[in-house]
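Shown next, in structure tokens, is the structure this report addresses.
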Amino acid sequence: MATFNYTDSSHSLFILLGIPGLEDQHTWISLPFFLSYLVSLLGNSLLILVVMTEHSLHEPMYLFLCMLATADLILSTTTVPKALAIFWFHAGEISLDGCVTQIFFIHATFIAESGILLAMAFDRYVAICDPLHYSTVLSHAVITRIGLTVALRSFCVILPDVFLVKRLPFCRSNRLPHTYCEHMAVAKFACADIRVNVWYGLSVLLSTVVLDALLILVSYSLILYAVFHLPSRRAWQKALGTCGSHLGVISMFYLPGIFTIITQRFGHHVPLHTHILLANVCMLAPPMMNPIIYGIKTRQIRERVLSTLSLQWK
């Protein structure tokens, strides 16, 4: 059987095409990208500033929120500036190393956000179901360990992706119909067997994001069970009110991803540009909406943000 050595012909430079089929609309499409990135930068930076400078907000829920805002900044900064460069300047060129770096940060940050949302669900569970031990269970030392565990898990499970992509020979087209580099989207352009990439990617998804979602579901099932055993309707409303922001953020994180997966699996006649736009919604919506949701729903943050802004205008 003949064997082929792809080393000499393997591409080291790729061209991101943006949103294929809508090239003539790239300038208009760039507007929501730019606005969402601006809101993400300002909103999440302000959120981190407020939590870090206001001592009364140094509580577990707000510290986890600060971690989430940091992850949102990394996620949006990893994807949106390159997309805007494609839309505005047709600067779609990206090296293989740059592509792999983008893959690492996108997937690692996404998994980190999932872990942080699980930690926030655990925070709400302890606050409602075991309030007397809340400060003991979620001490600052425990929160630090949780944060380090989330970061270490993301790093360890995504690092192999770097080597799985780097090992592949790319001797076919180097024109990627996307606004950013995504593991399987890039692997599909390899002229080699990518079954290891497929199965590893699936195992990572199941063991992290899907498992986190199941544990969040269990956590909220226990929360609802405890809430409905409270003595008064007022107590119900107060307990559920503390979960409202977190449930909104969970919805913004999981629902676009679920819808995208369903569309990719069953929407065989859906145009390619629709798949690419949905994939970008998963990158744009959570970083933009998370600070807005918490800013509106959380009185302490809302009051502190308004106070900070009023001081700046004086």
Side-chain angles (χ1 to χ4, degrees), residues 43-44 46-72 111-151 153-154 208-255 286 289-307:
N44 287 295
L46 184 59
L47 199 56
I48 294 171
L49 177 66
V50 166
V51 172
M52 291 293 97
T53 57
E54 181 60 39
H55 185 73
S56 62
L57 296 180
H58 290 182
E59 298 178 7
M61 182 176 73
Y62 302 114
L63 294 176
F64 286 134
L65 179 58
C66 197
M67 295 180 196
L68 186 65
T70 302
D72 282 337
I111 289 174
E113 290 207 4
S114 178
I116 294 167
L117 290 176
L118 175 60
M120 294 171 79
F122 178 66
D123 166 76
R124 292 300 84 202
Y125 166 76
V126 176
I128 293 173
C129 299
D130 193 14
L132 295 179
H133 296 94
Y134 181 70
S135 58
T136 304
V137 174
L138 286 169
S139 64
H140 282 191
V142 171
I143 294 170
T144 301
R145 285 196 290 270
I146 290 174
L148 291 174
T149 301
V150 167
R153 181 186 74 160
S154 302
T208 55
V209 178
V210 174
L211 179 60
D212 291 346
L214 292 175
L215 292 175
I216 289 172
L217 182 62
V218 170
S219 177
Y220 269 96
S221 298
L222 295 173
I223 288 172
L224 289 175
Y225 178 81
V227 166
F228 291 133
H229 282 77
L230 293 175
S232 67
R233 180 176 294 272
R234 183 180 178 85
W236 292 10
Q237 293 173 344
K238 183 177 180 181
L240 291 176
T242 63
C243 300
S245 301
H246 187 227
L247 289 173
V249 169
I250 290 173
S251 300
M252 288 305 305
F253 181 81
Y254 285 105
L255 291 181
M289 294 304 299
N290 288 350
I292 295 176
I293 291 171
Y294 269 96
I296 293 174
K297 294 287 291 182
T298 309
R299 178 181 57 82
Q300 294 92 327
I301 291 178
R302 185 172 64 250
E303 290 176 352
R304 184 57 186 166
V305 167
L306 292 174
S307 174

Run the numbers on Tyr62 and His58 for ring-ring contact (aromatic ring centres under 6.0 Å, His included), then give the verdict.
-> CA-CA 6 Å; Tyr62 302 114; His58 290 182; 9.7 Å; no
Where [X] and [Y] come nearest, the two heavy atoms and their spacing:
X      : Y      : result
His246 : Tyr294 : CA-OH, 3.5 Å
Ile111 : Arg153 : O-NH2, 3.3 Å
Leu47  : Ala69  : CD2-CB, 4.2 Å
Ile116 : Phe64  : CG2-O, 3.5 Å
Ala121 : Ile223 : O-CD1, 4.3 Å
Asp212 : Ser114 : OD2-OG, 2.7 Å

Are Glu54 and Ser56 close enough that a side-chain donor and a side-chain acceptor fall under 3.5 Å?
-> yes
Counting C-beta onward and ignoring hydrogens, is there a side-chain heavy-atom pair between [X] and [Y] closer than 4.5 Å?
X      : Y      : answer
Asp123 : Tyr134 : yes
Cys243 : Ile128 : yes
Leu63  : Met52  : yes
Asp72  : Glu113 : yes
Val142 : Val137 : no
Leu65  : Ile301 : yes
Met67  : Val150 : no
Ile146 : Leu138 : yes

First locate atom [atom1] of [X], then atom [atom2] of [Y], and finally report the distance between them rounded to the nearest 0.5 Å.
X      : Y      : atom1 : atom2 : value
Leu49  : Asn44  : CG    : CG    : 12.5 Å
Leu57  : Glu59  : CG    : CD    : 7.0 Å
Asn290 : Ser245 : CG    : OG    : 10.5 Å
Cys129 : Phe122 : SG    : CZ    : 10.5 Å
Ser219 : Leu215 : OG    : CG    : 8.5 Å

For Phe228, does the CZ atom sit with more than 12 other heavy atoms under 6.0 Å from it, leaving out its own atoms?
-> yes
